[in-house]
Amino acid sequence: MQNHLIVFTGPTGIGKTKTGIQIARYFNTEIVSADSRQIYREMTIGTAIPDTEELNAVKHHFIQTHSINDFYNASRYENEALAVIDSIFKANNLVLLVGGSMLYIDAVCNGIDIMPDADPEIRKMLKKKLENEGLESLRFQLKKLDPDYYSQVDLKNPNRIIHALEISLLTGKPYSSFRSNPNKTRPFSIIKIGLNCNRNKLHDRINARVDQMIDAGLENEARNLYHLKHLNALNTVGYRELFAFFNGETNREKAIELIKRNTRRYARKQLTWFRNDNEMNWFEPEQSVEIINYIEKRISDK
RNA sequence: GGUACCAUAGCUCAGUUGGUAGAGCAACGGACUGAAAAUCCGUGUGUCCCUGGUUCAAUUCCAGGUGGUACCA
């Protein structure tokens, strides 16, 4: 029997959690979360993890399973998620991948190239160099170490340049030699469902959700994490703005406004990515019946 | 009811000595393979309140209307 991975995604705040649970229950299966922040156990309110009732309704994977103190990235997620998906397929021929982290979804669907983890010391050194000597000097170094990638990369994007350099320095081989554009084939079919709605409505939902997070005590949650703000996992909408407020860089009201704005922008960025994927099948968040019908039809076609 | 002031982008406001307009914020579009809720790039989106008058030409000047604000009744 053919196994199917249902990718269930869409912008933040659209209602993936709720509809995803309805669909998972209908197919009597489990949910693999594809969310790069809900994976951390130290964050709860600001990442809008499913509530207890929702978590009890369907078995979830990758919700608060890792620590913000541990190194994590899309490649690790690829490996761990594939293992979990594989184990669910032993009892069920359909698995739901629910989340909005574009790169994580992409890693599961298409794979990413095998290369070593970045070395924190090298990254630190490169960051210092960026700070002291500027981006131009990193570009110059990249041009020498990996002229191929230099000609393709966005030369204004420090993260990309630093990453290419850290891999090149670590391995002694150009970063581009690791890039093969994998497109791995998976032992299951992939059906992609995207949720979207009218933009104003989405913004209203996002703004309201941020207010709810504040009411639920996000400020306190962030305050307890303030001492760890240097961690990448906390470079996250909802926390960084509050950290700036704790620093005295802004006031509380403005911080909340910024959380709303940055969440809206994040949603737009997600839509930009998903729009580009012509395998995506779009629905409104209320259309759980239509979505289920669509999935059943796709499954029976195979 | 009277008087004064105001009406320009989604919002707050500039501006045009008459030649159809621009800032901030918001918004929108795009890139993306190991930090991805990250990081980076790009884009003014407009019945200049309405109707008429003067003028080669009106968002700009004039009159009236409508709406708003303030003060006086």
Using a strict cut-off of less than 4.0 Å between a Lys/Arg side-chain nitrogen and an Asp/Glu carboxylate oxygen, indicate whether A/Arg240 and A/Glu249 qualify as a salt bridge.
->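 Salt bridge between A/Arg240 and A/Glu249, a charged N being under 4.0 Å from a carboxylate O: no.
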
Consider the side chain of [X], meaning its heavy atoms from C-beta on, and name the nucleotide among [options] that approaches it most closely.
{"X": "A/Lys156", "options": "B/A35, B/G42, B/G34", "answer": "B/G42"}
{"X": "A/Asn157", "options": "B/G30, B/C28, B/C40", "answer": "B/C40"}
{"X": "A/Val237", "options": "B/A38, B/G34, B/G29", "answer": "B/A38"}
{"X": "A/Arg275", "options": "B/G34, B/G30, B/A31", "answer": "B/G30"}
{"X": "A/Arg179", "options": "B/G34, B/U33, B/G42", "answer": "B/U33"}

Hey, does the side-chain of A/Asp106 have a donor or acceptor N/O within less than 3.5 Å of a partner on the base of B/U33?
->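 A donor-acceptor contact between them is absent.
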
Does the gap between the ring centers of A/Tyr175 and A/His163 come in under 6.0 Å?
->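 Ring centroids of A/Tyr175 and A/His163 are less than 6.0 Å from each other.
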
Exercise: do A/Thr44 and A/Gln64 side chains pair donor with acceptor under 3.5 Å =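 Yes.
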
Got a sec, which residues hit side-chain contact (heavy atoms from CB on, under 4.5 Å) with [X], two or more places apart in sequence or on another chain?
{"X": "A/Ala222", "result": "A/Tyr239, A/Leu242, A/Phe243, A/Phe246"}
{"X": "A/Asn132", "result": "A/Lys128"}
{"X": "A/Ser137", "result": "A/Lys129, A/Glu133"}

Between A/Pro158 and A/His203, who's closer to the 5' end of RNA chain B by nearest nucleotide?
->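 So the residue in question is A/His203.
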
Neighbours of RNA chain B within [range], by heavy-atom distance under 4.0 Å:
{"range": "residues 253-273 of chain A", "value": "A/Arg261, A/Arg264, A/Arg265, A/Tyr266, A/Arg268, A/Lys269, A/Thr272, A/Trp273"}
{"range": "residues 40-53 of chain A", "value": "A/Gly46, A/Thr47"}
{"range": "residues 204-231 of chain A", "value": "none"}

Using a heavy-atom cut-off of under 4.0 Å over every strand shown, decide if A/Ile39 touches base, sugar-phosphate, or nothing.
->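 Answer is nothing: A/Ile39 stays at 4.0 Å or more from every strand.
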
Which part of the nucleic acid, if any, lies within reach of A/Ser101 when heavy atoms closer than 4.0 Å are counted: base, sugar-phosphate only, or nothing?
->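 A/Ser101: backbone/sugar contact only, no base atoms under 4.0 Å.
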
Could you give me the CA-CA distance, side-chain angles and deciding distance for A/Arg139 and A/Glu136, then say whether side chain to side chain contact (heavy atoms under 4.5 Å, CB included) is met?
-> CA-CA 5 Å; A/Arg139 277 190 210 135; A/Glu136 183 52 43; 2.6 Å; yes

Same-atom distance (C1') from B/A14 to B/A21, integer angstrom |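 So the two C1' atoms sit 10 Å from each other.
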
Can you name the salt bridge (charged side-chain N to carboxylate O under 4.0 Å, His left out) partners of [X], sequence neighbours left out?
{"X": "A/Glu257", "answer": "A/Arg264"}
{"X": "A/Glu30", "answer": "none"}
{"X": "A/Glu166", "answer": "A/Arg123"}

Should side-chain heavy atoms under 4.5 Å link Ile, Leu, Val, Met, Phe, Trp and Tyr, which residues sit in the same cluster as A/Ile63?
->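 Its cluster mates, by chain and number, are A/Ile49, A/Leu55.
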
Contiguous Watson-Crick or G-U pair runs (3 or more, under 3.5 Å) in RNA chain B |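 Result, WC/G-U stems under 3.5 Å: B:1-7 with B:66-72, B:10-13 with B:22-25, B:27-31 with B:39-43, B:49-53 with B:61-65.
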
Quick one: which residue pairs count as a side chain to side chain donor-acceptor pair (under 3.5 Å) with a foot in residues 71-84 of chain A, not counting sequence neighbours?
->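 Counting only pairs at least two positions apart or across chains, the side chain to side chain donor-acceptor pair (under 3.5 Å) contacts touching residues 71-84 of chain A are A/His66-A/Glu80, A/Tyr72-A/Glu80, A/Arg76-A/Asp117, A/Glu78-A/Lys184, A/Glu78-A/Arg186.
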
